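For reference, the structure is listed below as structure tokens.
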Amino acid sequence: MNPVWRWFHQLGSPPYFYRFATRWMPWFGLSALVLSVIGLYLGMAKAPADYLQGDSFRIIYIHVPAAWMSMFIYVAMAVNGAIALIWRIKLSELLFLACAPIGAMFTAVTLITGMLWGKPTWGAYWVWDARLTSELVLLFLYFGVIGLASAYDDVRQGARAAAVLGLVGVVNVPIIHFSVKWWNTLHQGETIRIMGKSSIDSSMLWPLLIMALATKLYFVFALLLRARGMLLEQERNKQWVREVLSPPQIAGGRS
Amino acid sequence: MLAWLESQGHWGFIHVSLAITLILVVADLLPPWLQQRKLKNELRARARREQHRTN
């Protein structure tokens, strides 16, 4: 079997996932913290002020990576939801559930920092613009997934029911992304392009890319933390949990 | 409160953005971390009790 496939299959095993998460979580957390400090320092202290927006543009270093993550996490959540529905893999159900609060947090950060950027730039905290409204819908979708999943006593059943809502809500992600192209919105258009030249100077772009990487690493850290906790709760009566948590002298009854 | 914020200029908006983000990140991480710590302690105590019983 291909080593990547084998690793992927191994990751589906709860004890393997628990050990993997415990081992790698600190590294993801620490790298996210270090990169956030570097990115914020470069963005807040080193990048020049925007000629039109002045210093308020620096909110970009929180707002834009958070907005990217709000959509990225939704897609990651939906993929796990689909796997949970099709193959009924327990770990995918947990990852699906773990994604929702992290995604909701990033969406809330996006909306709040967007409002705080909007006031000095547009003169209003909120406008019912296509981009802002579709992002607000995303927050409600996350709340819907969290609410629906917790309405069930059985975690696995709740995860599968919420996965259906999660999958339906995926349609909102391209709407958010293309809203600035499809409608005449107050929100500015694309500044950073993967294909083609970005309309932002590299002195402003680099801190943004560092922050984007930091938020990705934070997501993996928070996801592993939440999924590990849920796994422990679900498998609390299993022998492997006893083994990984117990000191060596009592692990599995060994002396 | 909003009038105060607006009187602080651009950096006021930036500082509030940073503060709210920090609060939301802590609110995202703290509950699962505390819950997990509590659960681990509970499970360890149970394992110890079972060990005493078998001894």
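Because the structure is a prediction, the values reported are computed rather than measured. In what follows, chains are A, B, ... by sequence order, proteins preceding strands, each numbered from 1. Below, all heavy atoms of this structure are taken into account, side chains as well, without hydrogens, waters or symmetry copies.
- For B:R46, the part lying under 4.5 angstrom from a heavy atom of chain A is the side chain only.
- Between chain B and the residues A:G229, A:S56, A:A104, the most heavy-atom pairs under 4.5 angstrom are made by A:S56.
- Of the atoms belonging to A:Y61, not a single heavy atom falls under 4.5 Å from chain B.
- Under a 3.5 Å cut-off, the side chain of A:T110 and the backbone N or O of A:A67 do form a donor-acceptor pair.
- Taken from CG in B:L24 to OG1 in A:T107, the straight-line distance is 11.0 Å, to the nearest 0.5 Å.
- Only the side chain of A:I112 comes within contact range of chain B, with heavy atoms under 4.5 Å apart.
- Ranked by heavy-atom pairs under 4.5 Å with chain B, the first of A:L225, A:T113, A:V241 is A:L225.
- At a 4.5 Å heavy-atom cutoff, the contact between B:L39 and chain A is made by side-chain atoms alone.
- With A:F17 as the aromatic partner, A:R228 does not meet the cation-pi criteria of under 6.0 angstrom to the ring centre and within 45 degrees of the ring axis.
- Residue contact with chain A, scored on non-hydrogen atoms closer than 4.5 Å, involves the backbone and the side chain of B:L18 alike.
- By number of non-hydrogen pairs under 4.5 angstrom with chain A, the leading residue of B:T54, B:V25, B:V16 is B:V25.
- You'll find the side chain of B:F13 stays beyond 4.5 Å of the side chain of A:D55, heavy atoms only.
- The contact between A:F221 and chain B is made entirely by side chain atoms (from C-beta outward), counting heavy-atom distances below 4.5 Å.
- Of all the listed residues (A:K119, A:M115, A:H63), the one sharing the greatest number of non-hydrogen pairs under 4.5 Å with chain B is A:K119.
- Residue contact with chain B, scored on non-hydrogen atoms closer than 4.5 Å, is absent for A:F106.
- For B:I20, the part lying near chain A is the side chain, with the backbone staying farther off; criterion is any non-hydrogen pair under 4.5 Å.
- Here OG of B:S17 is found 12.5 Å from CG of B:L22. Values are rounded to the nearest 0.5 Å.
- Contact annotation for A:L232: both backbone and side-chain heavy atoms come within less than 4.5 Å of a heavy atom of chain B.
- Heavy-atom distances place no part of A:M230 under 4.5 Å from chain B, backbone and side chain included.
- For the pair A:L213/A:L217, a side-chain contact is recorded, criterion being any heavy-atom separation below 4.5 Å from C-beta on.
- In this structure, A:W206 places its CH2 atom where only 12 or fewer heavy-atom neighbours from other residues, nucleotides or ligands lie under 6.0 Å away.
- Under a cut-off of 6.0 angstrom, the local environment of CG in A:D153 is sparse, with at most 12 non-hydrogen atoms contributed by other residues, nucleotides or ligands.
- In terms of modelled atom types and a separation under 3.5 Å, the side chain of A:R226 and the main chain of A:C99 share no donor-acceptor contact.
- Heavy-atom distances place the backbone of A:Q53, and not its side chain, under 4.5 Å from chain B.
- Environment of CH2 in B:W11: crowded, with over 12 heavy atoms of neighbouring residues, nucleotides or ligands closer than 6.0 Å.
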